[in-house]
Every structure is written in C-alpha cells, then in structure tokens.
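Data first, discussion second: the structure below is written as structure tokens.
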Amino acid sequence: MELFKEMIDKDYEQVVFAHDATSGLKAIIAIHDTTLGPALGGCRMWPYESEEAALRDALRLARGMTYKNAAAGLNIGGAKTVVIGDSKKDKSEALFRALGRYVESLNGRYIISEDVGTTTDDMNQIYMETNYVTGSTDAANSSGNPSPVTARGVYYAMKRTALEAFGDDSLAGKTISLQGAGNVATTLAKLAHEEGAKIVVTDINQAAAQNIVTTCDAKMVGVDEIYDVQADIFAPCALGAILDDNTIPRLKVKAICGSANNQLLDIDKHGKMVEDYGMVYAPDYIANAGGVINVADELKGYNEDRALKRVKTLYQLTGEVFDIAKKEHITTAKAADRLAEKRIDTFMRTRSNYLTKEKSVLKH
Ligand SMILES: NC(=O)c1ccc[n+]([C@@H]2O[C@H](COP(=O)([O-])OP(=O)(O)OC[C@H]3O[C@@H](n4cnc5c(N)ncnc54)[C@H](O)[C@@H]3O)[C@@H](O)[C@H]2O)c1
C-alpha cells in the first residue's frame, strides 16, 4: 500500500505504528479527523493475515468512527487502534501497558476504548499508563459495558424506522428477524419482546440463540434461513457486509435496522438495492451509536441519566436521516454520510477564529 496516497485520498491526519519488543506489541493507531475534538475509537485485537490487512482495517475503521461520532452530534473525532495478535493467546499486562504509553504520548489527541477482541480488563491495564481511555472499570467515571446501551439505541432507531415503513412506530405485533444473539441482540430482543414484538432468532452459537428463545418466547431458525423469514423488520446484529446481491432479494421484510457495523457490502450499490426492493434501511452507524454516546459521556464525568437521554435522541436522528434522503433523493446510507460531513464542515468553519485558550471536551 502507498500509505501517504491512502492518507491523502481520505484525508487521514496521523498514523502511529507502535512496537514493544518485551511484550510483542504490534499496534497501529489511525487518527482520521479531529476537527470536532479529540479522536475516540476502540481497540481491536485480531490475528491479521498481514500487516497491510491490519493497516487497511485501522484506516477503514478510523474513518467510520469520524462519521459515526459526527453524525451522533458528539464533539469528538474519529480514530481506531488495531493490535496484531490473537486475543486468546497474546494478551498480557505488559502489552496493554505498552500500548497505554503510546496512547499517552498522543497527549489527548486520541482516546482509546474497547472493541472486538478487547475487554474492560484490558482497558484497566491501559488506564495504568494513561487517562485517555474510556470503558475501564477502574477509572472513577467508568460507564461499563456499552452493549446494553447500544441495544437501547438500536431499539429507538428501530421504532423510528418502523414509523417510516409502517406509519406507526409501535413494535407490538411486529415480527423481527434477528441475526445474532450476542450482547447487543440479547438486550434488543428483550426490549422488543416487552413491547409485544415476536422474535425469530439465529446464531452460530445455538446456546446463545436458545437463551433468547427462552427469555423472549422467540423462534429459532438456521443460520442461513434467517434471510428467508417472513417478518416485518430484519435486525442484523452479528456480522458486517451481510446485505449483498444474494441476501437482499431473499429478505421478506419492510425495514432493516440492527447494530452490526458496515452491513452493506457496497454502500452505493446495496444501499440502493435495499430501497429498490421496497425496504427502509436505518444506516448502521446511526442505529448503533448508543455505545459511543455512552462512553463519550465519560469525558464529562459519566452521568447515566444524561447518557441515556442522549441515546434516546437516536429516534429523532434516524428520522432526520430519512428526511435528508427524501429531500436530496439519495439513499439513507448516503444521507447519514451527508449529515456527518455537513457537521464537520460547519464546525471547521465556525470554529476557525483565533482563541488564546479553547474550551475542550477534555477540560471541564
Ligand atoms: N457492543 C456494542 O456496544 C456495539 C456497538 C456498535 C456496534 N456493534 C456491532 O454490533 C454487532 C454485535 O455486537 P455484540 O457486542 O453483540 O457482539 P457479540 O460478539 O456479543 O455477538 C455477536 C453474535 O453474533 C454471532 N454470530 C457470528 N457469526 C454469525 C453468523 N454468521 N450468523 C449468526 N450469528 C453469528 C456470534 O456467535 C455472537 O453470538 C457487531 O457487529 C458489533 O461490531 C456493537
């Protein structure tokens, strides 16, 4: 990869390669954009097949965080860390403390948090070396596991999506086909079930799916069968890139709203295709922004009520995206990007005048 070409093309600010011989740390911190404030994004630990694959993932995910954070109205930018390694074998206190020291060296330009392959324990080790970490349970202002809050956000986005698709935001009597029965899906299923929705669930982990069958009176189907279920709303809460040429024509729903990141294999082609098949699509990074809204609240001194109140506004935000799509004759996926880009552009201009001291989300 020609790194500077990539950075110039998508306007990345900074890429840090971090190595520690003793712990075996090999990490990449990609900071995409800090126009709105310090960049916040999770730390993914994954046994990448090559260094280039790790770098590509870091860049892609960092940019995604810029869009998610901006669209959610947060005063934070976008970044991501990837640690090259197997989260089951390669973790150590030394590795995360070495990473924490690199985060500290960025002096608040970047705030790290959990992602796939990392846990609150890992964040606690990072916290020994830097305060620029969220989601650690040792810090005074910890917000804990974000998944239940992410699920709550998906639930509000889903209600607004139902209003768009059915003219009524109630989930009572609606059938939801749920792909995945993990952390987010479990809380989402519970909220929807409490409102009177029927759940059809699948997971490669049958025990996880069975748990939702038991707690929410759901029906279980096979992993591939989920796309053929006659339902009202499809909720992808497992993997990315699952909306493609093969799956979209099989869906028998009127709306799609779930927590998985990057659900559309190709944002332009498949964003259009879902609409051509008559489905309303809630853009993933709008629907799943509850988690980052929650951790970002830690920067102000975590207040659960305030964070949850903000998460509830994902209902209105989802509606705003639908309105932009209609007004500008673009897909809802593109409309979410427009919303994020407009916010960054507006504040780049509005905040361009000189101040001797600037107020920052990190200083209060
Ligand atoms: N946890 C959060 O706060 C959060 C925030 C934003 C986005 N997300 C995204 O939401 C999704 C779910 O997150 P989570 O925290 O619940 O993860 P999780 O790991 O707890 O759950 C994912 C579930 O998907 C299942 N799964 C994997 N492959 C599958 C397949 N082919 N078919 C069906 N099920 C399959 C897994 O067995 C697991 O039970 C992920 O894509 C994640 O990136 C999560």
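Side chains are part of it too, since the values below use all heavy atoms of this structure and drop only hydrogens, waters and symmetry mates. Counting convention: from 1, in listed order, for ligands and their atoms alike.
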Cys237, portion touching ligand 1 at heavy-atom distance under 4.0 Å | backbone

With heavy atoms only and a cut-off of under 4.0 Å, state how Ile204 meets ligand 1: side chain, backbone, both or neither.
-> both

More than 12 heavy atoms of other residues, nucleotides or ligands under 6.0 Å from CD of Glu51: is that the case?
-> no

Looking only at non-hydrogen atoms, the one of Asn145, Asn261, Thr187, Asn288 nearest atom 43 (O) of ligand 1 is Asn261

Ranking Asn205, Thr150, Asp203 by closest non-hydrogen atom to atom 36 (C) of ligand 1, top hit is Asp203

Nitrogen or oxygen atoms of [X] and ligand 1 under 3.5 Å apart:
X      : answer
Arg44  : no
Lys68  : no
Asn183 : yes

So do Leu243 and Met273 actually touch side chain to side chain, heavy atoms under 4.5 Å?
-> no

Residue, atom name and distance, where the atom is the protein heavy atom closest to [atom]:
atom                    : result
atom 44 (C) of ligand 1 : Val184 CG2, 3.9 Å
atom 21 (O) of ligand 1 : Gly182 CA, 3.2 Å
atom 32 (N) of ligand 1 : Val223 CG1, 3.6 Å
atom 31 (N) of ligand 1 : Leu239 CD1, 3.3 Å

Considering only heavy atoms of [X], which atoms of ligand 1 have at least one such atom less than 4.0 Å away?
X      : value
Ser147 : 1 (N), 2 (C), 3 (O), 15 (O)
Ala238 : 11 (C), 24 (O), 26 (N), 34 (N), 35 (C), 40 (C), 41 (O)
Ser259 : 7 (C), 8 (N), 9 (C), 10 (O), 11 (C), 12 (C)

Is it true that Arg250 and Asp224 have a side-chain N and a carboxylate O under 4.0 angstrom from each other?
-> yes

Does Glu194 have any salt bridge (charged side-chain N to carboxylate O under 4.0 Å, His left out) partners at least two apart in sequence or in another chain, and if so, which?
-> Lys190

Looking only at side-chain N and O atoms, does [Y] offer a donor or acceptor that is under 3.5 Å from a partner on [X]?
X      : Y      : value
Tyr102 : Asp20  : no
Asn211 : Thr214 : no
Glu298 : Ser143 : yes
Asp33  : Thr35  : yes

Lys91 NZ/CZ over Phe96 ring centroid, <6.0 Å and within 45° of normal = no

Protein heavy atom under 4.0 angstrom of atom 19 (O) of ligand 1, is there one?
-> no

Using residues 76-85 as the side-chain source, report each donor-acceptor pair under 3.5 Å to any protein atom, sequence neighbours left out, with the distance given to one decimal.
from	atom 1	to	atom 2	distance (Å)
Lys80	NZ	Asp115	OD1	3.2
Thr81	OG1	Tyr110	OH	2.8

